[in-house]
2 protein chains.
Amino acid sequence: MMELTRKGEYAIRGIVYLASRPADQVCLLSEIAKAVDVPQTFLAKIFQQFSKIGLVRSYRGTGGGFILGRTSDKITLLEVVEAVEGPIIPNRCVTGAGECDRSNACTVHPVWLKVQDQVRDLLNGITLKELSGQ
Amino acid sequence: MMELTRKGEYAIRGIVYLASRPADQVCLLSEIAKAVDVPQTFLAKIFQQFSKIGLVRSYRGTGGGFILGRTSDKITLLEVVEAVEGPIIPNRCVTGAGECDRSNACTVHPVWLKVQDQVRDLLNGITLKELSGQ
DNA sequence: TTAAAAGAAGACTTAATTGGTCTTTTAGGG
DNA sequence: CCCTAAAAGACCAATTAAGTCTTCTTTTAA
Ligand code: SF4
Ligand code: SF4
């Protein structure tokens with residue numbers, strides 16, 4: 001259970017690679033895709049998502065490509081994962097809304113809240129800088 | 001991401017209910033299904049899985065039903081979840097086998113190992129006894 | 001003005017999830 | 001010995017999600 005999808009895995013690979021490149025130099029999607037061994041068409045959509053929320057900045061046209069939207073020490077693994085996989089939800093009932101009418105009396109509910117917290121904390125403590133080895 | 005499926009949720013509900021019942025008294029599947037609001041046919045399959053690995057014991061025929069395979073303080077939430085959802089796998093590469101040829105050099109790999117550890121530890125520390133409020 | 005590059009939309013295939021139905025086996029009770 | 005209650009097991013079907021590829025549009029430096 002709890003498995004990251006390929007999308008999430010590819011997203012991380014791609015942006016970690018981008019973080020490992022010179023920060024002032026745009027990077028071709030095709031280069032990234034090749035380097036991290038991901039289908040380029042799939043990675044394109046992922047980077048579009050990144051771009052929309054400002055995790056990367058894109059330049060179109062000749063000489064275009066991608067750079068990070070912020071410095072690599074300001075982007076956490078949690079952000080990257082949530083950008084493409086959505087929030088960390090170990091079970092429906094932790095979304096806040098009244099997803100389960102049993103949640104008041106439920107003894108299991110607090111467990112999922114704790115799982116969510118722990119995982120978020122862990123991922124939030126790791127930046128692209130560390131992951132890119134710089 | 002990481003969402004428990006309905007199967008997992010139902011499994012927990014069902015066995016926690018069973019743990020809340022008198023330990024020496026067999027419990028009808030129909031009763032459990034009704035009490036925890038789960039489709040009986042679906043719950044049947046879940047309890048068959050439980051039965052195979054000894055988490056519950058089943059009795060067929062008239063007067064049949066289910067009881068816990070062990071006392072409720074000896075069954076952890078981790079066992080229940082893994083019984084129906086499979087092992088806790090935040091990413092392919094933590095299965096032990098050479099699932100990803102990048103894993104040696106990969107800086108992200110250790111993160112998933114830690115996530116796996118933390119979640120397993122947490123779930124392993126919770127027993128059906130606590131969850132059934134006894 | 002043209003070729004390179006990202007953006008956007010969507011078609012398509014495959015696999016997993018969430019059930020349902022029907023038959024078979026087992027066990028008690030009269 | 002037969003009837004009935006109950007779980008076990010074998011299929012099956014709808015829905016949803018994942019994963020990949022295609023095609024077209026827009027932007028922009030040279
Ligand atoms: S854990 Fe409890 S509150 Fe959460 S979905 Fe299950 S029953 Fe509802
Ligand atoms: S995290 Fe690293 S080792 Fe794990 S699958 Fe991704 S690239 Fe491979």
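Note: hydrogens, waters and symmetry copies are ignored here, and every other heavy atom, side chains too, is used. Keep in mind it's a predicted model, so treat the numbers as computed, not measured. Convention: sequence-line order gives letters A, B, ...; per-chain numbering from 1.
Taking only side-chain nitrogens and oxygens, B:Ser51 comes nearer than 4.0 Å to OP1 or OP2 of D:dA8. Contact between the side-chain N/O atoms of A:Thr62 and the OP1/OP2 oxygens of D:dT28 is not found at any separation under 4.0 Å. For D:dA6, the OP1/OP2 oxygens have no side-chain nitrogen or oxygen of B:Arg60 closer than 4.0 Å. For C:dG7, the OP1/OP2 oxygens have no side-chain nitrogen or oxygen of A:Tyr59 closer than 4.0 Å. In this model, the phosphate group of D:dA6 is not approached by any side-chain N or O of B:Ser30 to a distance below 4.0 Å at OP1 or OP2. For D:dG19, the OP1/OP2 oxygens have a side-chain nitrogen or oxygen of A:Thr5 closer than 4.0 Å.
Among D:dT20, C:dA8, C:dG19, the nucleotide with an atom closest to any side-chain atom of A:Lys52 is C:dA8. For A:Phe66, whose side chain is taken as the heavy atoms from C-beta onward, the closest listed nucleotide among C:dG7, C:dT18, D:dT22 is C:dG7. You'll find that the side chain of A:Pro39 is closest to D:dT20, out of C:dG7, C:dT21, D:dT20. In the set C:dT18, C:dG20, D:dT20, the nucleotide with an atom closest to the side chain of A:Tyr10 is D:dT20. In the set D:dA6, C:dT18, C:dA8, the nucleotide with an atom closest to the side chain of A:Gln48 is C:dA8. Each of D:dG19, C:dA6, C:dG19 was ranked by its minimum atom distance to the side chain of A:Phe42; first place goes to D:dG19.
Residue-level contact check: B:Phe47 touches neither bases nor backbone, having no heavy atom under 4.0 Å from any strand. B:Ser58 comes within 4.0 angstrom of the backbone, heavy atoms only, and of no base.
For the pair B:Thr107 (side chain) and A:Leu131 (backbone), a donor-acceptor distance under 3.5 Å is present. In this structure, the side chain of A:Glu9 does not engage the main chain of B:Asn91 through any donor-acceptor pair within 3.5 Å. At distances below 3.5 Å, not a single donor-acceptor pair connects side-chain atoms of A:Arg21 with backbone N or O atoms of A:Ile32.
Place B:Gly65 and A:Leu4 on DNA chain D by their nearest nucleotides, and B:Gly65 ends up nearer the 5' end.
Looking at B:Lys45, its side chain comes within 3.5 Å of the base of C:dG19 through a donor and an acceptor atom.
Atoms CD and CD1, from A:Gln49 and A:Ile46 in turn, are 7.5 Å apart once rounded to the nearest 0.5 Å.
Rounded to whole Å, the distance from CG on A:Leu29 to P on D:dT27 is 19 Å. Atom CD in A:Gln40 sits roughly 19 Å away from atom P in D:dG19 (whole-Å rounding). Between A:Arg57 atom CZ and C:dA5 atom C1' there is a gap of 18 Å when expressed in whole angstrom units. For the pair A:Arg92 CZ and C:dT17 P, the interatomic distance rounds to 12 Å; values are reported in whole Å. Per the geometry, CZ belonging to A:Arg6 stands 11 Å off P belonging to C:dA15, to the nearest Å. Between A:Gln49 atom CD and C:dA6 atom C1' the separation is 15 Å, expressed in whole Å. Summarising the geometry, the separation between CE on B:Met1 and P on D:dA17 is reported as 16 Å, rounded to the nearest angstrom. Between the P atom of D:dC21 and the CD1 atom of A:Ile46 lies a distance of 13 Å, rounded to the nearest Å.
Between the side chains of B:Ser30 and B:Gln40, no donor-acceptor pair of N or O atoms lies under 3.5 Å. Side-chain contact of A:Gln48 with A:Ser51: a donor-acceptor pair under 3.5 Å is absent, judged by distance alone.
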